[in-house]
Amino acid sequence: MIEADDFIDRAAAYGYDYYAGVPCSFLTPFINTVIDAERLTYVSAANEGDAVALAAGRALAGGRAVAMMQNSGLGNAVSPLTSLNWVFELPILLIVTWRGAPDVSDEPQHALMGRITTDMLETMDVPWEFFPDEAEAIDAALARAEAHMNETGRPYCLLMKKNTVAPAELRESASPSQSRGAITYRPAPRRPVDAPGISRRDALRDLVASTDPDNSVIIASTGYAGRELFAVADRPNHLYMVGSMGCAPLLGLGLASARPDLKVIVVDGDGAALMRLGGMATLAAYGPTNLAHLLLDNGMHESTGGQATVSAGLSFGAIAAACGYRTVHEGHERSLIDQLLTGSTQGPAFAHLHIEPGVDKANLPRPNVSPIDVRTRLMAHIGAGGS
């Protein structure tokens, strides 16, 4: 058994000062110590996949981050681990607890996952070893993790058994939510039938025209958002998500918190936002002022055939305001993009822009630059290295 600080202090030498996670009783003493440590940043994620995306955003900024979770949460993390971290080669350290291990009496819901945890990690191409239970073993474990990440650019997992870390009480129990002033929000007026709507392509043209690539980053959600952004302009400050649906805002949060000198704009879709709606609460609670979240809502999963989403029955703007975004805009007009990006707008800022369905498929190329090359040039562009 070790003290949590034994690991945290040694991990700090490798640059680990950012932790995101979802609690587990096996993790309690470790996570409590992380929360209480003033020198560390801890983000309470809505789910384990969000924690992985947050840590990946930190990696995009050239840093090291830890995502912590129970092994049952690996199910929530499969998508970003396999289609974000693996595809873009964004290395993070995973600390996963082993509930339902063969030699541990545990609750019935952990029985199956306990048997398949190591197989899942190996299937996802995530090498693992046991979280060190002796202080003398910590340096070697971290060195192996670092060597793997430097060689492959991909995650490494430390699998934590029960009673590995000595008990530690939580001293800091305050809510992580930021202090907010009054939020002014008005629902979007109904668009007149004869008024022209805005297309996704036009919205992205306006966004590109309104941003300076030297001091901004645009992260576009998977599907047509990324493809149309590429069609409008392929700039070194662009990142086109090719999977991990719903994770773009959390990736943006991880990057924006590490790089306050950059304006980070996340282009989202209604389907993607609905998939990980809890991420909006996390972003509102922890989001820095340099983060803007633009949601383009056409009411459908257009890239997969036009199946309707449930967005017609809700207001993302009202949800964002309830979550606590500092500034919330909603409407049908191009001017929302200017309002979102204006220097007087306090972030994290949100704009719910209703757009018209439809896409010019004949002029909708897929990015001809690989995800790894997109990541490499973006990191080089923002001075974060390219590997």
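Sequential numbering from 1 along the given sequence is applied to the chain's residues. Predicted, not measured: the structure shown is a model, and the values here were computed from it.
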note = Across all chains, not counting sequence neighbours, the side-chain hydrogen bond (donor to acceptor under 3.5 Å, both in side chains) partners of Gln109 are none

Side chain Asp297, main chain Leu353, donor-acceptor under 3.5 Å = no

request  = Could you verify whether a donor N or O on one side chain and an acceptor N or O on the other, from Asp234 and Tyr240, lie under 3.5 Å apart?
outcome  = yes

query = Quick check: does any side chain N or O of Asn76 sit under 3.5 Å from a backbone N or O of Asn47, one acting as donor and the other as acceptor?
reply = no

query = What pairs with Val22 under side chain to side chain contact (heavy atoms under 4.5 Å, CB included), at least two apart in sequence or on another chain?
reply = Ala45, Glu48

Note: Asp202-Arg334 ion pair, threshold 4.0 Å (strictly below) = yes

ask   = Below 4.5 Å, heavy atoms only, C-beta onward: do Tyr16 and Phe7 meet side chain to side chain?
value = no

Thr309 and Asp270: side chain donor to acceptor below 3.5 Å = yes

ask   = Do the charged groups of Arg39 and Asp9 touch, with an N to O distance under 4.0 Å?
value = yes

key: Test item: Thr211 side-chain N/O and Val208 main-chain N/O as donor-acceptor pair under 3.5 Å   = yes

ask   = Taking atom types as modelled and ignoring hydrogens, do the side chains of Tyr156 and Glu129 form a donor-acceptor contact shorter than 3.5 angstrom?
value = yes

key: Side-chain H-bond candidate by donor/acceptor type, Arg375 with Ser370, under 3.5 Å   = no

message = Looking only at side-chain N and O atoms, does Arg99 offer a donor or acceptor that is under 3.5 Å from a partner on Ser25?
response = yes

request  = If the plane angle is over 60° it's perpendicular, under 30° parallel, otherwise tilted; pick one for Phe316 and His352.
outcome  = perpendicular

query = Thr304: what forms a side chain to side chain contact (heavy atoms under 4.5 Å, CB included) with it, not counting sequence neighbours?
reply = His301, Gln307

Axial cation check for Phe26 ring with Lys161, 6.0 Å and 45° limits = no

message = For Trp128, is the CH2 atom crowded, meaning more than 12 foreign heavy atoms sit under 6.0 Å from it?
response = yes

inquiry  = Ignoring hydrogens and geometry beyond distance, is a side-chain donor-acceptor pair present between Arg154 and Asn85 at under 3.5 Å?
reply    = no

inquiry  = Heavy-atom count check: over 12 atoms from other residues, nucleotides or ligands less than 6.0 Å from Arg366 CZ?
reply    = no

message = Check whether His238 reaches the backbone of Ala233 with its side chain - one donor and one acceptor, N or O, closer than 3.5 Å.
response = yes

ask   = Any chance the side chains of Ser72 and Gln70 put a donor and an acceptor closer than 3.5 Å?
value = yes

